[in-house]
Amino acid sequence: ALMRITFSERFALPTEEVFSYFASPADWSRLFGFSGVRDLGSGWYAVGIKGSPFPLVAKSTLVEANRLSRWTFRGFWRGHGEVRFTPSPESVLVEGYEEIAVRWLFFLSPLVERVFLESGFRAIWQLGWRRLRKREHSSDQDAPQAT
């Protein structure tokens, strides 16, 4: 079984700006503050996770600009994820999920994930959402003031 993290967040930002953080795994470090990205070729990227010796090795499997980004993992991690973008005149709704597990723990994986990993992955997503909220507030400051 894979650990599943779901989310639904709304941001008062242009869809293009929010999508730019998910266009490929190479962009994730801008949102989540990961410790570097290495291009492994053929669309695969090793994305370093602070405090972990095991990078996320990920590849985009389907990208529809400003609408959808889907990816898969290999190596130490296994799983996949998806983010969908639904724009409205004032904001963009970001919905999706990530399913991830440690590949070599087999039947121990759910226990290890629940005890050690789930809170860490949830914290990573929360960090990304906080960064986007800061972008919302800095955009408010940049907007022309109505008189």
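The shown structure was predicted, so the numbers you read here are calculated from the model rather than taken from an experiment.
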Distance (rounded to the nearest 0.5 Å) between [X] [atom1] and [Y] [atom2]:
X: Ile5; Y: Gln126; atom1: CD1; atom2: CD; result: 9.5 Å
X: Glu99; Y: Thr6; atom1: CD; atom2: OG1; result: 10.0 Å
X: Leu40; Y: Lys59; atom1: CG; atom2: NZ; result: 11.0 Å
X: Arg74; Y: Leu56; atom1: CZ; atom2: CG; result: 13.0 Å

field: Within-4.5 Å side-chain heavy-atom neighbours: Pro55 and Val47
entry: no
message: Do Asn66 and Phe85 have side chains that approach each other closer than 4.5 Å (heavy atoms only, starting at C-beta)?
response: no
Step through it carefully: locate the ring centre of [X], locate the ring centre of [Y], and say whether they are under 6.0 Å apart.
X: Trp71; Y: Trp28; value: yes
X: Trp129; Y: Phe7; value: yes
X: Phe121; Y: Trp77; value: yes

- prompt: For the side chain of Ser60 and the backbone of Leu62, is there at least one donor-acceptor N/O pair under 3.5 Å apart?
  reply: no
message: Has Ser91 got a side-chain atom pairing as donor or acceptor with Ser88's backbone, closer than 3.5 angstrom?
response: no
query: Looking only at heavy atoms, what is the nearest atom pair of Ala65 and Phe19, with distance?
result: CA-CZ, 3.7 Å
Let me check something: do [X] and [Y] share a hydrophobic cluster, defined by ILVMFWY side-chain heavy atoms less than 4.5 Å apart, either directly or through other members?
X: Leu132; Y: Leu127; answer: no
X: Val63; Y: Phe73; answer: yes
X: Val92; Y: Leu68; answer: no
X: Ile49; Y: Tyr21; answer: yes
X: Tyr97; Y: Ile100; answer: no

Criterion side-chain contact (heavy atoms from CB on, under 4.5 Å) against [X], the qualifying member of [options]:
X: Ser8; options: Val94, Thr86, Leu93; value: Leu93
X: Arg133; options: Glu136, Arg131, Arg135; value: Glu136
X: Tyr45; options: Val57, Val37, Asp27; value: Val37

field: Crowding at CZ, Arg38 (>12 non-hydrogen neighbours, <6.0 Å)
entry: no
message: Heavy-atom count check: over 12 atoms from other residues, nucleotides or ligands less than 6.0 Å from Arg67 CZ?
response: no
task: For the pair Glu98 and Arg4, find out whether any cationic side-chain nitrogen is under 4.0 Å from an anionic carboxylate oxygen.
output: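 Result for this pair is no, no salt bridge flagged.
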message: Under a 4.0 Å threshold between the charged nitrogen and the carboxylate oxygen, would Arg70 count as salt-bridged to Glu64?
response: no
- prompt: Do Ser69 and Arg84 get their side chains close enough for a donor-acceptor pair, meaning under 3.5 Å?
  reply: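 Looking only at side-chain atoms, Arg84 and Ser69 do not form any donor-acceptor pair under 3.5 Å.
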